[in-house]
Amino acid sequence: MIKEYFKEQFGCEPTAVAQAPGRLEFIGNHVDYNKGIVMGVAIDNRISVAVSLRDDDEIHMASHGLHCSGKIKMSELVLQERRNKFMNYPLGVFKIMLDAGMKAGRGFNLADASTVPTGAGVSSSAAIELATAYALGKLYNFPLTKIDAVRIGKAAENKFVGMPCGILDQGVSGFGEKDAIVRIDCKTEEFSTLPLPAGTYFWVFNSGVKHALVAGDYAKRNASCMRATEILNKYNPEITCLADATIAAVEACKSKLTPEDFNRALHVVGENNRVIEMEHALKIGDLAAVGELMKASHMSSRFLFENSCPEIDFLVTELSEQTNVYGARLSGGGFGGIAIALTNGDFSTAQADEIGNKFEKKYGRKPPQFFRTTTGEGARLVE
Ligand code: GLA
């Protein structure tokens, strides 16, 4: 499909094609840029990117899903606005790769096609970044390892797009595996996987509340965490990031922190502890504990980090009360976006519909779109 679309748009065959999946944050909300441990799964929805070299110094792009096309000169490699906005993730990746030493004498054509829902909290942005990195790496003979591609995607997001995210999204899209949970130590950038408990499934409920992460709230939370880190470090030099801190250390600094920064720090430290407990619960197959940790994570996001919203809280509460559900929580940046539930195989569409109907009645807005995900492979070069 991507190859046909590419040919239709550019009148030639692509030279390289790569794919990368969307991701779900399983647990570790806003822990990544605080250098703790996070877990996520790659979903079986992916973005495909196809590229070819051009004879001139231009970059042409076409997006199948967004019905957009645009072009710029290689010399105009800056953040695009309005109708060319859709080009920013691939352009950011290209720019970071050039900064890293990739040589590009000529421009390129790039087409993408996707089954990853956009703006839904499953990180279509990380997926397009990773797929672009692999495709351009082949095109310009600049081969990448997994960790290279992950770091390039994150740098494109941080330095070009201006989103101060951590490594979770790109890391899970890059290191995802079928039937596996990706575990990332964000301090050491070590990646490993744990088996997804047999017979469990993730359901995703899209609240329809837009989460515009670049503008505002995400960056504010990040800044709050950095302020708290600075104060904690002043009194405890061994604490260089919130993941180094204990709850007791945060409590001891309570009077030095604003009430808001105190709560943000408590969330991150508590959440990091929960991820470690989650690892243990998964290893011993204690699904009840897994579910409780998901619920506790949500409560902490809701009341301490304050990055949930009433619609997501409603979905999480409803899901948590259902039979066949182990646990539910907000997943991703927050301020809208998605709720996820870990279920057994008997959780049904009828149950999901029932929640959707209640949601519609309560909020007078469209019922959340929901789907059951299967885990998928991480980003890779296809040809
Ligand atoms: C977004 C960011 C990630 C991470 C999550 C919250 O998805 O891109 O880096 O911070 O929010 O855990």
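For ligands, and for the atoms within them, numbers begin at 1 and follow the listed sequence. Hydrogens, waters and symmetry mates are skipped; everything else that's a heavy atom, side chains included, is used.
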Step by step, would you call Phe160 with Tyr89 a ring-ring contact (aromatic ring centres under 6.0 Å, His included)? CA-CA 8 Å; Phe160 192 82; Tyr89 293 113; 9.3 Å; no
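- The shortest N/O to N/O separation between Val31 and ligand 1 does not fall below 3.5 Å.
- For Tyr33 and Tyr218, the distance between ring centers is under 6.0 angstrom.
- Where the criterion is an N or O separation shorter than 3.5 Å, residue side chain and backbone included, Cys165 fails it with respect to ligand 1.
- Within ligand 1, counting atoms from 1 as listed, the ones closer than 4.0 Å to a heavy atom of Gly28 are 12 (O).
- Contact annotation for Glu157 and ligand 1: no heavy atom of the residue comes within less than 4.0 Å of the ligand.
- Atom numbering of ligand 1 starts at 1 in the shown order; those under 4.0 Å from a heavy atom of Asp32 are 3 (C), 4 (C), 9 (O), 10 (O).
- Electrostatic pairing of Arg183 and Glu279 counts as a salt bridge here, judged by a charged N lying under 4.0 Å from a carboxylate O.
- Atoms of ligand 1 lying under 4.0 Å from any heavy atom of Asn29, numbered from 1 in the order shown and given with element: 6 (C), 12 (O).
- Against a heavy-atom cut-off of under 4.0 Å, Gly332 is close to the following atoms of ligand 1: 6 (C), 11 (O).
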Trace of the side-chain hydrogen bond (donor to acceptor under 3.5 Å, both in side chains) decision for Gln351 with Asn324: CA-CA 10 Å; Gln351 284 179 279; Asn324 305 319; 3.3 Å; yes
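- The shortest separation from a heavy atom of Glu271 to ligand 1 is not under 4.0 Å, leaving the residue out of contact.
- Taking distance alone, with nitrogen or oxygen atoms compared against 3.5 Å, Tyr33 stays at or beyond that limit from ligand 1.
- Between Val182 and Val41, the closest side-chain pair of non-hydrogen atoms is not below 4.5 Å.
- Residues Asp112 and Ile128 have side chains in contact (heavy-atom distance under 4.5 Å, counting atoms from C-beta outward).
- Taking 4.0 Å as the cut-off between side-chain N and carboxylate O, Arg274 and Glu271 count as a salt-bridged pair.
- Within the 4.0 Å heavy-atom cutoff, Ser123 does not count among the residues contacting ligand 1.
- The ligand atoms of ligand 1 that sit less than 4.0 angstrom from a heavy atom of Gly166 are 9 (O).
- Not a single heavy atom of Gly334 lies less than 4.0 angstrom from ligand 1.
- Ring-centre distance between Phe314 and Tyr363: below the 6.0 Å cut-off.
- Listed by atom number, the atoms of ligand 1 under 4.0 Å from Tyr218 heavy atoms are 1 (C), 2 (C), 3 (C), 4 (C), 9 (O), 10 (O), 11 (O).
- Each of the following atoms of ligand 1 lies closer than 4.0 Å to a heavy atom of Glu25: 5 (C), 6 (C), 12 (O).
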Begin with the C-alpha distance, continue with both residues' side-chain angles, and end with the deciding distance and a verdict on side-chain hydrogen bond (donor to acceptor under 3.5 Å, both in side chains) for Glu25 and Asn29. CA-CA 8 Å; Glu25 174 196 280; Asn29 195 236; 3.0 Å; yes
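- Each of Asp56, Asp57, Asp55 was evaluated against Arg106; a single residue qualifies, Asp55, per the salt bridge (Lys or Arg N to Asp or Glu O under 4.0 Å) test.
- Only the side chain of Arg23 comes within 4.0 Å of ligand 1, judged by heavy-atom distances.
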